[in-house]
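Remember, it's a predicted structure, so these values are computed and weren't measured experimentally.
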Amino acid sequence: MTPELEDLFAFLRFPSISTDSRNAGDVRACAEWIVSKLTAMGLQTTLHQTERHPIVVAKNAHQPGKKTVLIYGHYDVQPVDPLNLWSTPPFEPEIREGKIWARGSTDNKGQMLAHILGVEKTLKEKGDLPVNLIFLFEGEEEIGSPSLAPFLEANRELLKCDIIAISDTGMVAPGQPTLSYGLRGIAACEVILRGPARDLHSGIYGGAIRNPATEIARLVSTFHDPEGRVQVEGFYDDVKPLEDWEREMWAKLPGTSDDDFIRYSGASKTHGEAGYTSAERTWARPTAEINGIGGGYQGEGSKTVLPAEAFAKFTFRLVPNQDPADIMEKVKAHLDKHCPPGVSLLYVGGHDGKPFYTDPNSSFGQAAQEALRKSFGKDPVLIREGGSIPIVQAFRDILGVDTLLLGLALADSQIHSPNENFPVENFEAGIRLNQALLEELGK
């Protein structure tokens with residue numbers, strides 16, 4: 001075990017699950033560990049309490065004439081359910097097959113700590129950094145970052161910078177440096193259908209009263225055609241089309257074929273909107289996904305009831321030029337149109353975030369590409385990401401700066417799933433990447 005891995009193991013042992021109030025103390029303890037680490041490195045560090053979980057800000061001594069770089073990360077993690085599918089306890093990290101296995105190892109503690117340790121290494125070797133640095137770490141990313149945008153608004157001067165860097169995205173294949181220049185946005189909601197005043201005997205009332213469980217299934221089925229194209233009226237009106245160069249580049253990338261998607265997902269075949277590859281569908285096309293559906297009896301065996309209500313949970317992944325508020329108005333209209341008489345519909349809005357798109361060949365983008373080239377020994381590829389980091393667009397809207405997305409996650413890192421893992425070599429490469437990135441951005 002290297003000192004760097006010992007630091008990571010200590011970081012990973014905190015069950016910093018932001019969505020569960022029972023873990024609020026663990027989230028705070030994790031933030032306090034970060035404060036201690038950064039303070040010991042000689043950085044001026046402050047813990048800012050929000051209505052939910054703390055935000056940590058750290059700075060070196062800023063000097064006139066130097067570029068100011070803000071590095072963002074999040075120390076909160078997803079819940080671990082279903083626990084029985086983990087091979088080892090999720091908050092007891094261990095190394096197997098060259099990978100670190102623990103919740104948060106990739107998303108985002110491993111990637112985040114690599115930046116911290118890169119700065120620590122540079123300070124030990126050179127005594128100073130080539131840039132003015134701001135670390136900004138939050139504990140609410142996995143619940144949509146509700147406190148961060150207000151914090152940005154209230155602290156514009158504290159967080160004033162030239163460029164932002166984040167490692168919370170992915171690589172297309174092992175050893176292949178990857179710069180992401182786009183993120184899909186997100187809009188979430190829940191729909192509840194209510195029918196009879198209470199659960200009814202399915203023999204006495206079945207066939208005479210609408211069944212909310214049946215109707216929620218029918219309602220969900222209206223969202224897609226057989227090939228996966230979303231059927232919400234106006235859903236594609238503002239979608240930014242793919243550029244020819246993007247389609248040409250992505251067609252040649254390793255790790256993005258249909259066979260790769262099948263291998264990493266465990267599915268038997270790919271499926272989606274006609275006319276696009278799997279990579280194009282996930283990086284540059286919008287989707288409507290059903291994240292959960294239920295109603296009625298869920299226990300062992302049968303219980304012959306007609307349930308009083310049923311529900312479905314949706315998320316819509318959005319691409320450049322789509323606006324979450326506009327999309328959700330169109331979704332509401334679709335729900336109202338397809339809701340049958342005999343049941344009532346309750347719409348519950350959820351979190352959202354705008355899509356992000358930037359020029360990968362700007363001066364900062366070129367610096368990031370050179371840092372990736374130095375760290376991995378080969379030319380980086382340019383992609384968009386299928387996931388969402390809602391705060392990235394907020395950084396642009398509030399602080400007025402763009403973000404570089406230099407991911408270290410792999411397709412089989414199993415983020416948000418049991419047995420999350422992070423290759424040791426990617427962790428070590430992330431430390432090198434931080435050092436190279438700050439050097440290139442400082443030029």
A.B. asks: Could you report the tightest heavy-atom contact between Ala149 and Ile391, atom names first, then the distance?
C.D. replies: N-CD1, 4.0 Å

A.B. asks: Considering residues at least two apart in sequence or located in another chain, which fulfil the side chain to side chain donor-acceptor pair (under 3.5 Å) criterion with Glu92?
C.D. replies: none

A.B. asks: What's the spacing between Phe9 CZ and Phe91 CZ if we round to 0.5 Å?
C.D. replies: 14.5 Å

A.B. asks: Would you check if Arg52 and Val27 make a side-chain contact, meaning some heavy-atom pair closer than 4.5 Å?
C.D. replies: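 No; the side chains remain at least 4.5 Å from each other.
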
A.B. asks: Once rounded to the nearest 0.5 Å, what's the spacing between atom CG of Leu47 and atom CD of Glu32?
C.D. replies: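 Here the interatomic distance stands at 6.5 Å.
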
A.B. asks: Please give me the minimum heavy-atom distance between Ala411 and Tyr264, naming the atom from each residue.
C.D. replies: CB-CD1, 3.4 Å

A.B. asks: Checking Gln369 against Asn361 for the side chain to side chain donor-acceptor pair (under 3.5 Å) test, could you report, in this order, the C-alpha distance in whole Å, the side-chain angles of both residues, the deciding distance, and whether it holds?
C.D. replies: CA-CA 9 Å; Gln369 290 182 53; Asn361 292 310; 3.2 Å; yes

A.B. asks: The test is side chain to side chain contact (heavy atoms under 4.5 Å, CB included); show your working for Ile262 and Thr270 and say whether it passes.
C.D. replies: CA-CA 7 Å; Ile262 291 169; Thr270 59; 3.9 Å; yes

A.B. asks: What are the two closest heavy atoms between Thr256 and Phe261, and how far apart are they?
C.D. replies: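 Taking Thr256 first and Phe261 second, the nearest heavy atoms are O-CE1, 3.5 Å.
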
A.B. asks: Among all residues two or more places apart in sequence or in another chain, which pass the ring-ring contact (aromatic ring centres under 6.0 Å, His included) test with His334?
C.D. replies: Phe223, His338

A.B. asks: Report the distance from atom OG1 of Thr39 to atom CD1 of Ile34, rounding to the nearest 0.5 Å.
C.D. replies: 11.0 Å

A.B. asks: Can any side-chain N or O of Trp86 pair as donor or acceptor with the backbone N or O of Val80 at less than 3.5 Å?
C.D. replies: yes

A.B. asks: Taking all heavy atoms of Thr222 and all of Gln231, pick out the closest pair and write down the distance.
C.D. replies: O-CB, 3.4 Å

A.B. asks: Can you tell me which residue pairs pass the ring pair (Phe, Tyr, Trp, His ring centres under 6.0 Å) test with a partner in residues 401-441, sequence neighbours excluded?
C.D. replies: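 Sorted result for residues 401-441: empty, none.
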
A.B. asks: Report the C-alpha separation of Asp237 and Asp326 in whole Å, then their side-chain angles, then the decisive distance to 0.1 Å, and conclude whether the side chain to side chain contact (heavy atoms under 4.5 Å, CB included) test is met.
C.D. replies: CA-CA 11 Å; Asp237 285 355; Asp326 173 68; over 6 Å; no

A.B. asks: Verify salt bridge (Lys or Arg N to Asp or Glu O under 4.0 Å) between Glu440 and Lys374, making sure each step is shown before the conclusion.
C.D. replies: CA-CA 10 Å; Glu440 291 299 322; Lys374 286 182 175 180; 2.5 Å; yes

A.B. asks: Just wondering, do Leu382 and Met249 contact through their side chains at under 4.5 Å, heavy atoms?
C.D. replies: yes

A.B. asks: Is the side chain of Asn421 donor-acceptor paired with the backbone N or O of Asn419 at a distance under 3.5 Å, no angle test?
C.D. replies: yes

A.B. asks: Are Tyr72 and Phe395 close enough that their ring centres sit under 6.0 Å apart?
C.D. replies: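 Close enough - the centres of the two rings lie under 6.0 Å apart.
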
A.B. asks: Walk me through it: do Ile116 and Met41 pass the test side chain to side chain contact (heavy atoms under 4.5 Å, CB included)?
C.D. replies: CA-CA 9 Å; Ile116 294 174; Met41 290 163 49; 3.6 Å; yes

A.B. asks: State the CG-OG1 distance between Leu404 and Thr358, to the nearest 0.5 angstrom.
C.D. replies: 8.0 Å

A.B. asks: State whether Asp260 and Arg263 are salt-bridged, where the test is any N-O pair (Lys NZ or Arg NE/NH1/NH2 against Asp/Glu carboxylate O) under 4.0 Å.
C.D. replies: yes

A.B. asks: Applying ring-ring contact (aromatic ring centres under 6.0 Å, His included), can you list everything that pairs with Phe135, at least two apart in sequence or on another chain?
C.D. replies: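 Partners of Phe135 under the ring-ring contact (aromatic ring centres under 6.0 Å, His included) test: Phe137.
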
A.B. asks: Please list, chain by chain and in numerical order, all residues satisfying ring-ring contact (aromatic ring centres under 6.0 Å, His included) with His351, sequence neighbours excluded.
C.D. replies: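 Checked His351 against ring-ring contact (aromatic ring centres under 6.0 Å, His included); zero matches.
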
A.B. asks: Measure the OH-CE distance between Tyr347 and Met328 for me, rounded to the nearest 0.5 Å.
C.D. replies: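 Those atoms lie 3.0 Å apart.
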
A.B. asks: Identify the heavy atoms of Asn23 and Ile17 that sit nearest to each other, and give their distance.
C.D. replies: CB-O, 3.5 Å

A.B. asks: Do any pairs count as a salt bridge (charged side-chain N to carboxylate O under 4.0 Å, His left out) and have a residue in residues 10-23, sequence neighbours left out, and if so which ones?
C.D. replies: Asp20-Arg22

A.B. asks: Leu148 and Glu141: side chain to side chain contact (heavy atoms under 4.5 Å, CB included), yes or no, with the steps?
C.D. replies: CA-CA 9 Å; Leu148 191 52; Glu141 194 273 345; over 6 Å; no

A.B. asks: Distance-only check: which donor-acceptor pairs under 3.5 Å involve side-chain atoms of residues 161-169, not counting sequence neighbours?
C.D. replies:
from: Asp162; atom 1: OD2; to: Thr68; atom 2: N; distance (Å): 2.7
from: Ser167; atom 1: OG; to: His115; atom 2: NE2; distance (Å): 2.8
from: Ser167; atom 1: OG; to: Leu406; atom 2: O; distance (Å): 2.7
from: Asp168; atom 1: OD1; to: Asn108; atom 2: ND2; distance (Å): 3.3
from: Asp168; atom 1: OD2; to: His74; atom 2: NE2; distance (Å): 3.2
from: Thr169; atom 1: OG1; to: Gly407; atom 2: N; distance (Å): 3.2

A.B. asks: Could you list the residues that satisfy ring-ring contact (aromatic ring centres under 6.0 Å, His included) with Phe376, not counting sequence neighbours?
C.D. replies: none

A.B. asks: With sequence neighbours left out, which residue pairs that include part of residues 55-74 fulfil the salt bridge (charged side-chain N to carboxylate O under 4.0 Å, His left out) condition?
C.D. replies: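 Counting only pairs at least two positions apart or across chains, the salt bridge (charged side-chain N to carboxylate O under 4.0 Å, His left out) contacts touching residues 55-74 are Lys66-Asp128.
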
A.B. asks: Supply the atom-to-atom distance Trp283 CH2 to Leu253 CG, rounded to the nearest 0.5 angstrom.
C.D. replies: 5.0 Å

A.B. asks: Hey, could you give me each pair passing salt bridge (charged side-chain N to carboxylate O under 4.0 Å, His left out) that has a residue in residues 390-415? Not counting sequence neighbours.
C.D. replies: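 Sorted pair list: Lys99-Asp412, Lys354-Asp397, Arg396-Asp402.
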
A.B. asks: Quick check on Glu233: does its CD atom have over 12 non-hydrogen neighbours (other residues, nucleotides or ligands) under 6.0 Å away?
C.D. replies: no

A.B. asks: So, the side chain of Gln322 versus the backbone of Val319: is there a donor-acceptor pair under 3.5 Å, distance only?
C.D. replies: yes

A.B. asks: Could you list all the salt bridge (charged side-chain N to carboxylate O under 4.0 Å, His left out) pairs where at least one residue sits in residues 221-230, not counting sequence neighbours?
C.D. replies: Arg229-Glu273

A.B. asks: Tell me, with the steps shown, if Glu138 and Thr50 meet side chain to side chain donor-acceptor pair (under 3.5 Å).
C.D. replies: CA-CA 10 Å; Glu138 67 156 323; Thr50 72; over 6 Å; no

A.B. asks: Spell out, as yes or no, whether a donor-acceptor pair under 3.5 Å connects the side chain of Glu97 to the backbone of Ile100.
C.D. replies: no

A.B. asks: Ion pair present between Glu289 and Arg317, side-chain N to carboxylate O less than 4.0 angstrom?
C.D. replies: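 Salt bridge absent between Glu289 and Arg317.
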
A.B. asks: Grab the two heavy atoms, one from Leu408 and one from Gly430, that are nearest each other, plus how far apart they are.
C.D. replies: CD1-CA, 3.6 Å

A.B. asks: Can you tell whether the side chains of Glu428 and Arg432 come within less than 4.0 Å, N to carboxylate O?
C.D. replies: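 Salt bridge between Glu428 and Arg432, a charged N being under 4.0 Å from a carboxylate O: no.
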
A.B. asks: Using a 3.5 Å cut-off and no angle test, enumerate the donor-acceptor pairs between side-chain atoms of residues 170-188 and protein atoms at least two apart in sequence or in another chain.
C.D. replies:
from: Gln176; atom 1: NE2; to: Asp379; atom 2: O; distance (Å): 2.9
from: Thr178; atom 1: OG1; to: Val172; atom 2: N; distance (Å): 3.2
from: Thr178; atom 1: OG1; to: Gln176; atom 2: O; distance (Å): 2.9
from: Ser180; atom 1: OG; to: Glu385; atom 2: OE2; distance (Å): 3.3
from: Tyr181; atom 1: OH; to: Glu246; atom 2: OE2; distance (Å): 2.5
from: Arg184; atom 1: NE; to: Thr282; atom 2: O; distance (Å): 3.0
from: Arg184; atom 1: NE; to: Gly386; atom 2: O; distance (Å): 2.8
from: Arg184; atom 1: NH1; to: Arg281; atom 2: O; distance (Å): 3.2
from: Arg184; atom 1: NH1; to: Arg285; atom 2: O; distance (Å): 2.8
from: Arg184; atom 1: NH2; to: Thr282; atom 2: O; distance (Å): 3.3
from: Arg184; atom 1: NH2; to: Gly386; atom 2: O; distance (Å): 3.3

